[in-house]
Amino acid sequence: MRSLEHEGVDVLFGYPGGAIMPTYDALYDHKDTLHHILVRHEQAAVHAAQGYARVSGKVGCAIVTSGPGAMNTITGVADAMIDSTPMVVICGQVGAAMLGTDAFQEVDVVGVTQPISKWNYQIRRAEDIPWAVARAFYIARSGRPGPVVLDFAKNAQTAMIEYAPQTVDFIRSYNPVPETQPGSIERAAELINQSVKPLMLVGQGVELAGARQELLALCEKAQIPFGQTMLGLSAAPTGHPLNMGMLGMHGNLAPNVMTNQCDLLIAVGMRFDDRVTGDLHTYAKQAKVIHFEIDPSEVGKIVKPTVAVLGNCKQTLAQVTELVEPARHQAWIDGFKPYAEKEYNKVIDAALNPKDGPLLMGEVVRRVSEAANNEAIMVTDVGQNQLFGCRYFKYTHPRSIVTSGGCGTMGFGIPAAIGATFGAPERTVCMFCGDGGFQMTIQELGTIMEQQCPVKMILLNNNYLGNVRQWQYMFFNKRYSFTPMLNPDYEKIADGYGIPCRTVVERADLDEAIREMLDTDGPYLLQVAVKEEDNVLPMTPPGGSVDDMLLEVK
């Protein structure tokens with residue numbers, strides 16, 4: 001506990017059990033400094049730690065017992081790894097003398113988590129605790145962030161030592177920020193100066209580096225339009241004149257199409273995920289590529305760059321900006337407008353301004369965003385709620401989107417929103433969820449009840465596993481195999497947890513219900529009955545090219 005305090009930990013998310021009980025006993029004496037949040041399932045502990053980390057910029061911390069407790073964190077560890085979320089997970093373990101004997105609730109946590117964590121370590125001696133904790137937090141937060149797992153043998157929890165705090169800021173075998181290669185800054189600036197049709201791709205790395213101002217300084221000086229990955233959506237304000245929208249399978253038409261028309265593609269803190277690139281055989285083949293990246297293993301893994309600029313993009317973007325000449329690319333920027341207008345006329349207007357019929361997810365998301373002055377944190381689960389949320393929520397401040405990107409974990413929404421309320425208690429947290437994902441971690445309403453977490457939960461209920469249904473509609477001849485859902489009475493469930501709840505069916509009631517939700521102190525569940533067979537558009541068909549997006553389905 002003293003080592004955690006030394007690392008600046010103030011919130012823990014966890015669930016006690018036999019193999020971690022001595023640590024929880026020690027926690028009893030540190031309740032004033034370490035605020036422990038008792039979740040209802042260990043999976044929620046890691047997702048809450050992720051939500052906390054994503055909005056605060058600090059390292060999230062979860063603590064669970066051995067065996068099934070540790071195994072219930074695996075999805076969250078993998079999720080944090082692929083989405084570069086700094087987190088330390090402390091798992092209880094049987095005593096060192098019993099390791100390998102198949103003792104009660106023994107699982108090889110180190111073996112299981114090695115491929116999905118940034119580092120893991122089994123603490124077998126009390127003497128190693130200060131060192132291991134200091135090392136864990138340093139690795140989790142430095143360079144490209146990620147999850148670290150500490151497997152804490154029970155004998156190490158009960159032995160006594162003289163405590164002395166340790167600080168780790170260097171590991172000989174670990175280079176968190178690679179050196180920028182000589183000439184790469186100059187070569188990148190030269191390519192930008194020569195470019196007539198540049199396009200920047202903004203990833204979450206900009207958020208993680210705190211490089212918003214450096215990014216915008218470069219884009220504004222050289223007049224470079226930019227698109228954003230899903231996790232990079234709040235790295236720049238939605239309303240910025242150079243912001244062309246979201247990249248990817250369900251992103252905006254203009255930045256996707258123009259990817260295959262630009263002469264220079266500038267990727268910053270993003271990893272060329274397949275949902276962004278589509279068919280690699282047709283992806284930006286006409287363009288030279290600059291890749292700003294802190295993780296050398298990502299450079300050239302998917303798309304080979306003309307120039308790789310290694311290092312922390314907060315520094316490297318500023319260095320390139322100094323060498324870049326002021327430019328105007330008005331004709332190129334204006335070229336995005338016809339595609340934006342086409343998408344608006346074909347998709348967005350109908351999604352946000354329906355004349356009649358059932359409520360639509362897009363209009364609900366936009367009205368919530370605007371009612372919160374476009375300043376709230378948006379947390380989503382996974383599915384259509386996530387895609388509509390990312391498309392139609394507006395972002396003003398950094399660290400305003402919390403969603404499961406690379407792993408796509410259903411059940412992420414509720415616990416991540418809990419964590420976000422502790423990571424940014426001064427901000428409004430709006431969580432969008434479908435009826436499928438909501439039920440995956442519905443037990444965390446108990447955590448919300450106990451802590452009175454001010455989560456504004458918007459349940460977009462279409463009685464389907466909506467995203468799977470959409471794919472069945474488009475690619476499986478409308479054969480809805482096990483995607484319709486029979487749902488419980490969510491109002492009764494919310495009432496059982498003492499959480500205010502309201503259900504909206506009619507469009508005329510929506511704005512007033514949203515205002516009631518936002519004006520209510522503490523948690524609130526707003527259930528909205530939305531169109532059952534709504535589809536997220538545009539959409540790049542699986543394996544298709546980024547400039548071959550569908551604006552309608554038949």
Side-chain angles (χ1 to χ4, degrees), residues 54-57 198-248 250-256 258 266-270 276 292 313-314 317-318 320-321 324 327-330 332-334 336-337 339-341 343-344 348 351-352 362 365-380 386-403 405 420 423-424 426-430 432 518:
R54 293 270 281 274
V55 301
S56 69
L199 176 61
M200 186 171 286
L201 312 182
V202 178
Q204 189 194 193
V206 175
E207 291 269 52
L208 297 173
R212 172 185 276 209
Q213 296 307 317
E214 289 76 10
L215 172 86
L216 294 179
L218 175 56
C219 289
E220 290 167 0
K221 184 177 182 181
Q223 285 294 286
I224 303 171
F226 59 87
Q228 296 159 288
T229 67
M230 180 180 285
L231 295 185
L233 281 173
S234 64
T238 301
H240 194 283
L242 293 172
N243 189 342
M244 300 300 161
M246 185 170 75
L247 303 161
H250 288 287
N252 294 109
L253 180 64
N256 280 288
M258 299 300 257
I266 308 164
V268 186
M270 56 88 72
V276 166
F292 289 83
C313 66
K314 188 173 181 66
L317 284 170
V320 169
T321 302
V324 163
R328 285 181 59 82
H329 301 293
Q330 197 58 50
W332 166 242
I333 293 170
D334 289 344
F336 287 76
K337 293 178 182 178
Y339 296 107
E341 291 172 358
E343 181 183 357
Y344 183 85
I348 297 174
L352 298 183
V365 169
R366 177 59 61 85
R367 291 199 194 185
V368 171
S369 178
E370 291 178 344
N373 299 317
N374 300 321
E375 294 182 339
I377 292 170
M378 184 191 73
V379 183
T380 79
Q386 175 188 39
L387 301 171
F388 277 115
C390 291
R391 282 183 55 82
Y392 295 120
F393 209 78
K394 292 184 177 181
Y395 312 92
T396 303
H397 302 293
R399 296 189 176 274
S400 292
I401 179 170
V402 181
T403 192
E426 74 287 354
R427 299 187 63 190
T428 300
V429 176
C430 296
F432 294 94
L518 294 175

Is any side-chain heavy atom of Ser369 closer than 4.5 Å to one of Asn374? yes
Backbone N or O of Ala209 within a donor-acceptor pair of the Lys314 side chain at under 3.5 Å? no
Looking only at heavy atoms, which two atoms of Val202 and Ala235 are closest? And how far apart? CG1-CB, 3.8 Å
Would you say Arg212's side chain and Ser234's backbone share a donor-acceptor pair under 3.5 angstrom? yes
Where does the angle between the aromatic ring planes of Tyr392 and Phe388 fall among parallel (under 30°), tilted (30 to 60°) and perpendicular (over 60°)? parallel
Student check: side-chain heavy atoms of Leu242 and Ile333 closer than 4.5 Å: yes
What's the shortest heavy-atom distance between Gly251 and Asn256, and which atoms? C-ND2, 3.9 Å
Between CE of Met258 and CG of Leu247, what distance do you get to the nearest 0.5 Å? 13.0 Å
Arg391 side chain to Gly362 main-chain N or O, any donor-acceptor pair under 3.5 Å? no
Could you tell me the separation between the CG atom of Leu216 and the CD atom of Glu214, rounded to the nearest 0.5 Å? 9.0 Å
Sub-4.5 Å side-chain heavy-atom contact between Leu233 and Met378: no
Please report the C-alpha distance between Cys430 and Val365 in whole Å, then the side-chain angles of each, then the deciding distance to 0.1 Å, and finally whether the side chain to side chain contact (heavy atoms under 4.5 Å, CB included) criterion is met. CA-CA 10 Å; Cys430 296; Val365 169; over 6 Å; no
Between Val55 and Ala420, which heavy-atom pair has the shortest distance, and what is it? CG2-O, 3.7 Å
For the residue pair Asn243 and Phe226, establish whether any side-chain heavy-atom pair is separated by less than 4.5 Å. yes
Where do Met270 and Val276 come nearest, in terms of heavy atoms and distance? CE-CG1, 4.0 Å
Here the gap from Leu215 atom CG to Phe292 atom CZ, rounded to the nearest 0.5 Å, amounts to 9.5 Å
So, does Thr321 use its side chain to make a donor-acceptor pair with the main chain of Leu317 at under 3.5 Å? yes
For the residue pair Phe432 and Phe393, categorise the inter-ring angle as parallel (less than 30°), tilted (30 to 60°) or perpendicular (more than 60°). perpendicular
Atom of His329, atom of Ala327 and distance for their closest heavy-atom approach: NE2-CB, 3.8 Å
Does a side-chain heavy-atom distance below 4.5 Å link Pro398 with Val206? no
Contact between Gln223 and Trp332 at the side-chain level, heavy atoms closer than 4.5 Å - yes or no? no
Side chain of Arg54, backbone of Thr403: donor and acceptor closer than 3.5 Å? yes
State, to 0.1 Å, how close Cys390 and Ile401 come at their nearest heavy-atom pair, and which atoms those are. SG-CD1, 3.8 Å
Rounded to the nearest 0.5 Å, what separates atom CG in Leu199 from atom CZ in Phe336? 5.0 Å
Just wondering, do Pro255 and Tyr339 contact through their side chains at under 4.5 Å, heavy atoms? no
pair Gln204-Met230: side-chain heavy atoms closer than 4.5 Å: no
Working to the nearest 0.5 angstrom, can you tell me the gap between Glu375 CD and Thr396 OG1? 5.5 Å
As a test of understanding, state which of Glu207, Lys394, Arg427 forms a side chain to side chain donor-acceptor pair (under 3.5 Å) with Ser400. Arg427
To the nearest 0.5 Å, atom CG of Asn252 lies from atom CD1 of Ile348 at 6.0 Å
